[in-house]
Amino acid sequence: MTVRTRFAPSPTGFLHIGGARTALFSWAYAKKYGGKFILRIEDTDVERSTPAAVQAIMDGMHWLGLDYDEGPFYQMQRMQTYKKVLHSMLDAGTAYYCYSSKEELEILREAQTAAGAKPRYDGKWRPEAGKILPHISAEISPVIRFKNPQTGVVAWDDMVKGRIEIANAELDDLIIARADGTPTYNFCVVVDDFEMGITQVIRGDDHVNNTPRQINMLMALGATIPQYAHLSMILGDDGQKLSKRHGAVSVMQYHEDGYLKEAVLNYLARLGWSHGDAEIFSMQQFCEWFDLDHITPSAAQFNTEKLNWLNAHYIKEMDINLLAEDITARLQAITGKDPRASNLISVLNLYRERANNLNQLAKDIAYFYTLPQASAADVEKHITPEIMPAMQKLHQQLAHTEWTAQAIHHAINAVVTEFGLKFPKIAMPLRVMLTGIAQSPSIDQVMALLGQSETLTRINAYLK
RNA sequence: GUCCCCAUCGUCUAGAGGCCUAGGACACCUCCCUUUCACGGAGGCGACCGGGGUUCGAAUCCCCGUGGGGACGCCA
């Protein structure tokens, strides 16, 4: 049987890190087995679903390169299918109308909670052989409930968590269609997973509790039960649960924040999944290695430091032209200038080794394209009166120096020797004058790339 | 409250009864490299939640406890 997996977000917000990982695992599983990856938009909550959220989710997937083979399917466009199945279940007696009002149910729930019991439907309208149902009140439009088995257990071998068993006695008859006739989540999922031929349901473990109900419905429909893999959730950097209020950001935010998609992908893949000691791997390798075993059943805490480390790795590895393209945009945002025609590639080759973030990298090299402003503290600390004579001399020498890093190095060395100084005594003030800060790569290389006239100009600005 | 799930270094994890005086990675510390800061290299610190069992032998299996999380919607 060909593998068919799906990602089924509800469009009520952006694609966050947890959703992205779920999508990634589903996608990788399909890729690994040459199957199909399906995108299904679960938009039956009309109140909260928005087209903007659909777009945001697809943008996130697109950025990460999680391409789907089928879809997007929208549940709101599949109402006819759901209604058809609903009626067949009504006919088959696996579903029934329930006329209990919301208020009635609310009272029931409160009483049960107060008694310390699990709140659940009392089966008032559940048809049973020999049972006389209450009189139907014309006022109430009924909901449809699934007639869940009352005895026995539902069990499945979860690909992540192992065998899970739940007694049917724990389950009540859930509502599968609202009073207005629209089907509810658990029912739509069942119908869709069935009709779309999903073979592996890979989703967040907040759905573990829905699974037994879904299996029961699937069985009532005569469907084969897919395999389930419930992924544990991702916690924030501080170990707290991610929520809109707390740390849950769009994956696109990582792009804005200076992360390469390769780093995010690699990081996410490794979060909750492992392949021996492998830490750094391409998506191609991931798809080859990935399987539903070796997924951790426990929750994982997000760690930005490790993401940074991976980001640094991929910045070093990245094709230099692609890197230049990315940095150009970020640089423009900082300097307002277009550095394209300049020596950007050379500058990046000098700086990429030390960067772990694209925004930081752009910021670090901005001085090549816009005049830096050194801090008073740095100026005071490094550009001291006693080095000025040497600096004066160097400035003169530099005007006649061949503009290569090597020649510049010699020129500095000559002055340093002449004035009986140590190399850093001159290199540090040069850094401050030229780059605006006291940390930079080899100063002669910086100067070579900055250019002779710009270098002389910047030094001159400090000579009295 | 009821049901379900989870539990190895600070963090991500390896580990499927002896290969474990528990391995790797991030972070941290030290040293080396060095023209500052990084990068890189070499070391170091650092964990099996507790208690019972099973076994010749348990991080690994079982039970209990503790802690954390999730679910109990005419939300998804």
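Lettering follows sequence order; numbering is per chain, from 1.
Comparing G50(B) with A59(B), their C1' atoms sit 14 Å apart, to the nearest whole Å. Rounded to a whole angstrom, the distance from the C1' atom of G15(B) to that of A7(B) is 15 Å. For the P atoms, the distance linking A22(B) with A58(B) amounts to 16 Å, nearest Å. G57(B) and C64(B) are spaced 23 Å apart, taking the P atom of each and rounding to whole Å. Atom name P, nucleotides C26(B) and G65(B): the rounded distance is 41 Å, in whole Å. Of the C1' atoms belonging to U60(B) and G18(B), the separation is 11 Å, rounded to the nearest Å. G24(B) and A42(B): their P atoms are spaced 12 Å apart (whole Å). Nucleotides A27(B) and G40(B) have their P atoms positioned 9 Å apart, rounded to a whole Å.
Taking atom CD of Gln301(A) as the reference point, atom C1' of A27(B) lies 13 Å away to the nearest angstrom. The CZ atom of Arg203(A) sits 14 Å away from the C1' atom of G70(B) (whole-angstrom rounding). In this structure, CG of Asn356(A) is placed 10 Å from P of G40(B), rounded to the nearest angstrom. Between Leu350(A) atom CG and G40(B) atom P there is a gap of 16 Å when expressed in whole angstrom units. The CG-C1' distance, from Asn210(A) to C3(B), rounds to 13 Å in whole Å. Gln240(A) has its CD atom 8 Å from the P atom of G69(B), to the nearest Å. Rounded to an integer number of Å, the gap from CG of Asn186(A) to P of C72(B) is 9 Å. Separating the CD atom of Gln112(A) from the P atom of C3(B) is a distance of 15 Å, rounded to the nearest angstrom.
You'll find that the side chain of Met428(A) is closest to U36(B), out of U36(B), C6(B), A76(B). Listed candidates were A7(B), A76(B), C4(B). Nearest to the side chain of Pro297(A) is A7(B). Nearest nucleotide to the side chain of Ser298(A), out of G70(B), G1(B), C6(B): C6(B). Nearest to the side-chain atoms of Tyr185(A) among the listed nucleotides C39(B), A76(B), C12(B) stands A76(B).
Within 4.0 Å of Thr211(A), counting heavy atoms only, lies no atom of the nucleic acid at all. Counting any heavy atom pair closer than 4.0 Å across all strands shown, Pro119(A) reaches a base atom. Residue contacts shown for Pro212(A) are absent, as no nucleic acid heavy atom lies under 4.0 Å away. Within the nucleic acid shown, Ala300(A) comes within 4.0 Å of sugar-phosphate atoms alone, with no base atom in reach, counting heavy atoms only. Across all strands shown, Ile443(A) has heavy atoms under 4.0 Å from base atoms, whether or not it also approaches the sugar-phosphate. Contacts of Thr296(A) with the nucleic acid, taken as non-hydrogen atoms under 4.0 Å apart, involve only primed sugar atoms and P, OP1 or OP2. Residue Ser440(A) is in base contact, counting any heavy-atom pair closer than 4.0 Å across all strands shown. Using a 4.0 Å heavy-atom criterion, one finds that Asp237(A) contacts no nucleic acid atom at all. Backbone-only engagement by Ser274(A) is indicated by non-hydrogen atom pairs under 4.0 Å involving sugar-phosphate atoms exclusively. Residue contacts shown for Arg48(A) include a base, since a base heavy atom lies under 4.0 Å away. Note on Lys161(A): only backbone sugar-phosphate atoms sit closer than 4.0 angstrom, heavy atoms only; bases stay farther off. Nucleic acid contact class of Lys422(A) (heavy atoms, under 4.0 Å, all strands): none.
Between Tyr462(A) and His395(A), the gap from one ring centroid to the other reaches at least 6.0 Å. Aromatic ring centres of Tyr97(A) and Trp125(A) lie farther apart than the 6.0 Å criterion allows.
Judged by distance alone, with hydrogens and angles left aside, His409(A) brings a side-chain donor or acceptor within reach of the base of U35(B), the pair sitting under 3.5 Å. Below the 3.5 angstrom threshold, one finds no donor paired with an acceptor across the side chain of Asp205(A) and the base of G70(B).
Taking the six-membered ring where tryptophan is involved, the planes of Phe7(A) and Phe37(A) are essentially parallel, since the angle between them stays under 30° and well short of 60°. Taking the six-membered ring for Trp and thresholds of 30 and 60 degrees, His409(A) and Phe423(A) have nearly parallel ring planes, at less than 30 degrees apart. Ring geometry, Phe286(A) versus Phe290(A): the interplanar angle falls from 30° to 60°, so the pair is classed tilted.
Only one option out of Trp273(A), Phe302(A), Tyr314(A) pairs with Tyr267(A) in a ring-ring contact (aromatic ring centres under 6.0 Å, His included); it is Phe302(A).
Proximity of a side-chain donor or acceptor of Arg431(A) to a complementary backbone N or O of Gly436(A) within less than 3.5 Å is not detected. A donor-acceptor pair under 3.5 Å links the side-chain atoms of Asn311(A) to the main chain of Asn356(A), judged by distance alone.
Remark: His313(A) is not in phosphate contact with C39(B), judged by side-chain N or O atoms under 4.0 Å from OP1 or OP2. The phosphate of A71(B) (OP1 or OP2) has no side-chain N or O of Lys118(A) nearer than 4.0 angstrom. Put simply, Lys316(A) has a side-chain N or O that comes within less than 4.0 Å of OP1 or OP2 on G40(B).
For C72(B), the paired nucleotide is G1(B), the pair qualifying as Watson-Crick or G-U wobble because both relevant distances are below 3.5 Å. Within the shown strands, G10(B) is the pairing partner of C26(B) under the Watson-Crick or G-U definition, both distances less than 3.5 Å. Summarising the base pairing, U36(B) is matched to no nucleotide, lacking a Watson-Crick or G-U wobble pair whose two defining distances lie under 3.5 Å.
Between Val208(A) and Gly272(A), the residue anchored nearer the 5' end of RNA chain B, judged by the nucleotide with its closest heavy atom, is Val208(A). Mapping Val46(A) and His275(A) onto RNA chain B via the closest heavy atom, the residue that lands nearer the 5' end is His275(A).
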Set out, in order, the CA-CA distance, both residues' side-chain angles and the distance that settles ring-ring contact (aromatic ring centres under 6.0 Å, His included) for Tyr254(A) and His16(A), then state yes or no.
CA-CA 10 Å; Tyr254(A) 287 90; His16(A) 54 80; over 10 Å; no
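For Glu380(A), the CD atom counts as loosely surrounded, since its 6.0 Å shell holds 12 or fewer non-hydrogen atoms of other residues, nucleotides or ligands.
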Every protein N/O within reach of nucleotides 21-26 of chain B N/O, cut-off under 3.5 Å:
| from | atom 1 | to | atom 2 | distance (Å) |
| --- | --- | --- | --- | --- |
| G23(B) | N2 | Asp277(A) | OD1 | 3.4 |
| G24(B) | N2 | Arg270(A) | NH2 | 3.3 |
| G24(B) | N2 | Glu279(A) | OE2 | 2.9 |
| A25(B) | O4' | Glu279(A) | OE2 | 3.3 |
| C26(B) | OP1 | Trp309(A) | NE1 | 3.3 |
| C26(B) | O2' | Lys306(A) | N | 3.2 |

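Geometrically, Arg78(A) does not engage Tyr74(A) in a cation-pi contact, judged by NZ or CZ lying under 6.0 Å from the ring centre and within 45° of the ring axis.
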